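The structure under discussion appears below in the form of structure tokens.
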2 protein chains.
Amino acid sequence: MSSLEHEVLAAVLQVRSRSLQVLLWQRARDPHAGRWSLPGGKLRHDEDVETSVRRQLAEKVDVRQLSHVEQLAVFSAPDRVPGPRVIATAFLGLVPSDNDPEVPADTRWFCVDALPPTAFDHGAIVLRARDRLRSKLSYTNLGFALAPPTFTISELRDIYSAALGYRVSATNLQRVLSRRGQLEPTGETAVSGPSGGRPAALFRFTCRDMQVTDAFAVLRPPSLRK
Amino acid sequence: MSSLEHEVLAAVLQVRSRSLQVLLWQRARDPHAGRWSLPGGKLRHDEDVETSVRRQLAEKVDVRQLSHVEQLAVFSAPDRVPGPRVIATAFLGLVPSDNDPEVPADTRWFCVDALPPTAFDHGAIVLRARDRLRSKLSYTNLGFALAPPTFTISELRDIYSAALGYRVSATNLQRVLSRRGQLEPTGETAVSGPSGGRPAALFRFTCRDMQVTDAFAVLRPPSLRK
DNA sequence: ACAAAAGTGTTTGAATTACACCCATGA
DNA sequence: TCATGGGTGTAATTCAAACACTTTTGT
């Protein structure tokens with residue numbers, strides 16, 4: 001019989017310097033020496049895939065502050081990597097923008113829209129992660145996973161703009177998230193900037209577990225209004 | 001080293017008798033003898049998971065008319081099945097409502113809202129498949145995968161109602177799908193029923209590959225209007 | 001006072017639901 | 001001509017984008 005391995009791979013995304021970035025690791029050895037790949041590794045016999053990906057990120061790249069982890073897809077083409085067959089479960093991982101995890105020397109953050117040459121099918125996985133995040137920002141409360149514990153609406157606007165890849169209006173962002181009950185004011189206010197301006201109120205997300213906040217776009221169940 | 005197997009499992013859904021049903025197979029042997037399980041089986045060394053699930057459905061339960069197949073998730077708990085470890089990739093499969101595939105004697109269709117005792121984690125997979133379908137009916141053209149090649153709006157309404165689990169209005173269904181360009185008239189009309197009534201126009205889906213038709217619910221990119 | 005940044009009020013527009021009404025057919 | 005669906009017109013509603021305007025601060 002032929003051998004079979006299972007690995008987990010994570011596209012860890014974070015908003016850094018006002019752009020959405022992914023953590024990649026440069027391969028030292030062939031195959032694909034010099035190319036950039038996703039952190040991850042072999043699945044152990046006593047752990048499920050999510051436990052595994054959290055463990056490996058903590059061990060290998062010191063990413064312990066994952067605010068959200070979710071499965072993306074299985075990549076299983078028989079020749080996706082040379083040598084013995086390896087099936088991969090790919091994950092999306094998110095880190096709040098106020099964290100700056102220690103990462104080893106051979107890893108770097110890259111803007112998801114300007115990836116370096118990637119190993120194997122890892123480039124496709126990054127794009128899949130990016131698209132998943134962008135979709136879910138629209139109909140879930142997933143913003144909590146990118147934002148610090150408390151923030152001003154302007155800061156949140158910058159985070160959403162970076163993640164979505166286009167300018168978002170602070171006004172409308174606040175209204176949409178408030179209407180859905182995602183935001184609550186802390187009561188505190190931030191200090192004004194050096195050039196003046198009204199001090200901004202601080203907010204936090206009401207919930208830090210992912211929830212669908214805008215389920216049915218159309219074909220809603222009949223309303224119960226009498 | 002410990003052995004590792006990979007299997008694929010499919011929740012095959014179809015609208016039958018105005019309800020959303022799933023194809024299950026009754027286990028003859030322990031473990032979980034008598035319980036109902038999802039069709040599927042071991043992954044071969046030369047095929048990817050989607051190829052495998054299509055092959056196994058064709059071989060084992062004679063389901064060849066799959067109109068749509070997509071990955072749901074990986075189930076990887078170390079003890080999810082007794083004995084040697086098996087990781088499963090679960091799929092959602094859809095069959096148009098006008099097909100009635102030949103299935104073996106030990107398989108039966110069950111309403112997804114009234115499942116029999118299921119084996120292992122298969123019950124959870126069925127519910128995941130049901131929820132995925134219901135979500136995607138709202139923001140993609142996935143209705144094509146449940147509908148016959150041509151249909152009246154009333155027939156389509158019955159299919160959507162069964163799949164979603166609540167009454168859908170034919171009027172609004174037609175308008176939503178038409179506005180999105182999913183439907184086109186064939187020019188033909190169906191014959192009137194035995195009790196009279198205006199003959200219904202026949203429609204078809206313009207596209208039979210899955211496409212997202214209603215991407216951003218909110219936080220849309222800024223409009224380009226001048 | 002003035003500039004700068006935050007926050008609110010209000011208009012506009014699009015999408016969807018709800019519902020009344022008209023149309024085509026069989027008996 | 002009437003019952004039985006099929007199909008269209010249209011109001012009401014909801015939600016979000018756009019933008020003008022007010023508020024609060026630093027200089």
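Labels below follow one simple rule: chain letters A, B, ... track the order of the sequence lines, proteins then strands, and each chain is numbered from 1. Since the model is a prediction, treat every value here as computed from it, not as a measurement. Side chains are part of it too, since the values below use all heavy atoms of this structure and drop only hydrogens, waters and symmetry mates.
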From the options B:Thr107, B:Leu57, B:Val63, select the one residue that forms a side-chain contact (heavy atoms from CB on, under 4.5 Å) with B:Pro39.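 Looking at B:Thr107, B:Leu57, B:Val63, the match for B:Pro39 under the side-chain contact (heavy atoms from CB on, under 4.5 Å) is B:Leu57.
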To the nearest Å, give me how far apart [atom1] ([X]) and [atom2] ([N]) are.
X	N	atom1	atom2	result
A:Arg175	C:dT11	CZ	P	13 Å
A:Gln174	C:dG9	CD	P	11 Å
A:Phe151	C:dA6	CZ	P	14 Å
B:Leu183	D:dT8	CG	P	12 Å
B:Asp158	D:dG5	CG	P	12 Å
A:Asn172	C:dT10	CG	P	16 Å
A:Leu177	D:dA16	CG	P	10 Å
B:Arg167	C:dA18	CZ	P	14 Å

Out of [options], which has the shortest distance to the side chain of [X]?
X	options	value
A:Ser192	C:dA6, D:dG26, D:dC19	D:dG26
B:Val218	C:dT8, D:dA16, C:dT16	D:dA16
B:Ser195	D:dA17, D:dT4, D:dT8	D:dT4

[X] side chain to [Y] backbone, donor-acceptor under 3.5 Å:
X	Y	answer
B:Ser52	B:Asp48	no
B:Asn141	B:Asp209	yes
A:Ser67	A:Ala145	yes

Nearest nucleotide by nearest heavy atom, which residue falls closer to the 5' end of DNA chain C, B:Leu173 or B:Gly196?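 Counting from the 5' end, the first nearest nucleotide belongs to B:Leu173.
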Would you please test B:Arg130 and B:Asp113 for salt bridge (charged side-chain N to carboxylate O under 4.0 Å, His left out) and show each step? CA-CA 9 Å; B:Arg130 180 198 66 181; B:Asp113 294 316; 2.9 Å; yes
C:dA15 phosphate, OP1 or OP2: any side-chain N/O from A:Arg220 under 4.0 angstrom? no
Please determine, by modelled atom types, if B:Thr213 and B:Gln211 share a side-chain donor-acceptor pair under 3.5 angstrom.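 The answer is no; no qualifying pair exists.
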Checking all strands, does A:Arg180 fall into the base, sugar-phosphate, or nothing category for heavy-atom contacts under 4.0 angstrom? sugar-phosphate
B:Ser169 near the nucleic acid: base, sugar-phosphate alone, or nothing, with a heavy-atom cut-off under 4.0 Å?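 It contacts nothing in the nucleic acid.
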Can we call the ring centroids of A:Phe144 and A:Phe151 under 6.0 Å apart? no
Quick one: on DNA chain D, does A:Asp214 or B:Ile153 contact a more 5' nucleotide (nearest heavy atom)? B:Ile153
Of all of residues 197-205 of chain B, which get a heavy atom below 4.0 angstrom from DNA chain C, listed by number? B:Gly197, B:Arg198, B:Pro199
